[in-house]
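The next block holds one structure in the form of structure tokens; read it before the comments.
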Amino acid sequence: MPTATAIINLDIEGPRISRHLYGHFAEHLGRCVYGGFWVGEDSPIPNEGGIRLDVVEALRALHIPNLRWPGGCFADEYHWKDGIGPREERPRMVNTHWGGVEENNHFGTHEFMALCELLGAEPYISGNVGSGTVREMSEWVEYLTGAGDSPMVRLRRENGRAQPWRVRFWGIGNETWGCGGNMRAEYFADLARQYATYCRDHGDNKLYRIASGASDDDYQWTETLMRQINCFGCEATPRTYYQALSVHHYTLAGPWDAKGSATVFGTEDHYRTMVSARRVDRILTGHSAVMDCYDPKRTVGLVLDEWGTWWDVEPGTNPGFLFQQNTLRDALVASTHCDIFHRHAARLVMANIAQTVNVLQAMLLTDGDALVLTPTYHVLEMNKGHQDATSLPVHLRADGARRRVGETDLETVSLSASVKDGALLVSLSNLDAGEAAEVTLDLRGGRIGEARARILTADKLQAHNTPQTPEAVAPRSFDGDGVRVTDRGLALVVPPHSFVTVRAPMTAAG
């Protein structure tokens with residue numbers, strides 16, 4: 001049996017894990033918005049103002065901190081004024097990016113803000129740089145957050161909202177290197193400064209402007225943007241055109257044109273997927289290193305506002321809708337990402353899984369009036385105690401828990417830990433497809449009380465939930481024989497392809 005030892009220093013605090021690392025992404029793509037979040041006021045499915053209430057209830061259980069909207073690629077063909085005013089008078093549009101379907105614009109700015117209020121989540125709006133104008137985005141900021149008697153404030157009042165909303169997070173473009181305009185880094189860097197200048201703070205609403213950043217390991221893009229706000233090696237505080245840069249990275253098991261099935265795959269496909277998922281650690285390290293050269297005090301944030309698995313669409317579905325099933329393999333991709341995010345919490349300030357409902361690595365799948373919680377949903381629910389917690393240093397020795405995958409050694413144990421409200425939370429994944437792992441938690445610098453553990457696993461990696469089998473992959477207690485107290489801390493025998501969380505109250509060392 002593979003073995004691993006994790007030394008966790010309970011008395012040494014690491015950086016705070018922002019709750020926004022557990023953010024979400026909702027694009028006008030397939031059935032994410034229409035049929036997912038939005039069913040309309042005339043729907044027999046229970047709703048509030050057209051917003052589907054079982055979706056809201058499920059997401060509230062995750063303590064969802066923020067929601068990114070309206071895209072994605074869609075954001076750069078979306079003109080916000082088409083989505084305000086009486087719904088029956090709103091112009092229709094064709095979603096040219098995703099399936100060529102016609103949209104009626106019934107879900108627009110006011111509906112999105114109502115959704116965020118129901119969720120208890122902060123809105124993160126991605127502005128149109130690709131086909132929009134500086135004025136258009138500036139007026140959207142004013143419409144949402146302005147007070148007084150300006151033209152946009154009067155327009156908002158005419159549409160039924162007297163008081164301004166609080167909207168901190170604004171994306172300046174999306175994938176401007178690709179679907180957001182096919183721009184060069186140097187060209188977009190100038191645009192980012194221009195757009196950021198005219199996206200103004202109104203009253204006490206202070207904008208957190210996130211400039212469209214790199215794809216994967218394009219570190220030159222990040223350096224180009226950082227040069228706009230500071231000089232190499234400077235100790236000066238960076239200029240405040242924008243407060244963060246984004247990066248996107250998706251996990252694939254194969255090439256872009258043959259990503260593979262979400263549910264029909266073998267053991268080697270699983271291991272290739274885990275290698276791809278682990279790659280995000282190197283990517284975040286690279287972008288952080290570049291940013292450190294221009295911002296050593298880490299005042300500028302790094303935002304991974306699109307991440308997740310991307311498979312071939314389910315047979316018989318619209319290829320432009322990106323609908324895929326969600327298996328235990330996807331859950332292990334999510335748990336591994338969360339561990340990596342916690343380690344990068346000093347620079348990484350937000351991450352948004354793609355996407356929340358019915359698209360890519362979704363939390364929820366809807367089918368008529370049925371709602372399914374995916375295995376990925378359960379990982380984020382089990383991990384929600386890490387939100388706004390203090391990370392703890394973890395030193396992992398796992399020489400015996402490795403698999404050779406092509407030219408790569410895959411470490412098959414992933415782990416992170418944090419403390420919040422006097423309680424320790426340890427998250428642990430065994431990525432091995434066939435062997436259990438014996439993991440020792442060597443807890444130093446403190447004591448813990450009685451530990452409680454939960455496990456997410458199934459008979460096979462391909463297991464997934466459907467309306468007919470909604471709990472094929474669901475968490476259950478892992479107490480009793482699952483966790484054993486030792487002289488140094490705790491010991492666990494973690495089954496293959498499993499995710500485990502351990503929670504325990506902390507006491508001072510005696």
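The analysis underlying the following values was restricted to heavy atoms, covering all of them including side chains, and did not include hydrogens, waters or symmetry mates.
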Can you tell whether the side chains of [X] and [Y] come within less than 4.0 Å, N to carboxylate O?
X    : Y    : answer
E57  : R60  : no
R278 : D281 : no
R16  : D388 : yes
R68  : E306 : yes
D295 : R347 : yes
E471 : R476 : no
D479 : R454 : no

Does E435 CD have over 12 foreign heavy atoms under 6.0 Å away? yes
Check the surroundings of atom CD in E186: do more than 12 heavy atoms from other residues, nucleotides or ligands lie under 6.0 Å from it? yes
Closest contact, heavy atoms only, [X] versus [Y]:
X    : Y    : result
A196 : R209 : O-NE, 3.3 Å
W221 : A214 : CD1-N, 3.7 Å
P2   : G400 : CB-O, 3.2 Å
I64  : L59  : CG2-O, 3.4 Å
L410 : M274 : CD2-CB, 3.8 Å
I448 : L490 : CD1-CD1, 3.8 Å

Donor-acceptor pair between [X] and [Y] side chains, under 3.5 angstrom:
X    : Y    : result
D330 : T309 : yes
Y124 : D305 : yes
R329 : T273 : yes
D339 : S414 : yes
H63  : Q387 : no
H249 : D216 : yes
H497 : N430 : no
Q361 : W311 : no
S215 : D218 : no
S212 : N174 : no
T3   : E438 : no
S418 : H342 : no
T285 : S288 : no
Y208 : R168 : no
N358 : T366 : yes
Y294 : E223 : yes

Is the distance between the ring centroids of [Y] and [X] under 6.0 Å?
X    : Y    : result
F499 : H378 : no
W177 : Y187 : no
Y219 : H287 : yes
F74  : H97  : no

For [X] and [Y], indicate whether the former's side chain and the latter's backbone hold a donor-acceptor pair under 3.5 Å.
X    : Y    : answer
D11  : G446 : no
H270 : L431 : yes
T327 : A463 : no

Side chains of [X] and [Y]: closer than 4.5 Å at any heavy-atom pair?
X    : Y    : value
R19  : N66  : no
T356 : V55  : no
T222 : T224 : no
I340 : L284 : yes
Q325 : N465 : no
C338 : S335 : no
E27  : V359 : no
D409 : R402 : yes

Candidate pair N326 and H464, rule side-chain contact (heavy atoms from CB on, under 4.5 Å), full reasoning: CA-CA 6 Å; N326 193 293; H464 56 277; 5.8 Å; no
Spacing of [atom1] belonging to [X] relative to [atom2] belonging to [Y], to within rounding of 0.5 Å:
X    : Y    : atom1 : atom2 : value
E175 : S126 : CD    : OG    : 9.5 Å
M506 : L443 : CE    : CG    : 9.0 Å
L360 : I353 : CG    : CD1   : 9.5 Å
L29  : N95  : CG    : CG    : 7.0 Å

Which label fits W69 and F112: parallel for a plane angle under 30°, tilted from 30 to 60°, or perpendicular past 60°? parallel
Apply side-chain contact (heavy atoms from CB on, under 4.5 Å) to the pair V357 and L365, showing each step before the final yes or no. CA-CA 6 Å; V357 190; L365 303 178; over 6 Å; no
Check the pair M350 / S18 against side-chain contact (heavy atoms from CB on, under 4.5 Å), numbers first and verdict last. CA-CA 7 Å; M350 182 188 290; S18 170; over 6 Å; no
Exactly one candidate in Y22, F25, F341 meets ring pair (Phe, Tyr, Trp, His ring centres under 6.0 Å) with W307; the answer is F341
Decide whether a cation-pi geometry holds between R31 and F321; the criteria are a distance under 6.0 Å from NZ or CZ to the six-membered ring centre and an angle within 45° of the ring axis. no
Got a sec, which pairs hit side chain to side chain donor-acceptor pair (under 3.5 Å) with one end in residues 485-495, sequence neighbours left out? D442-R488
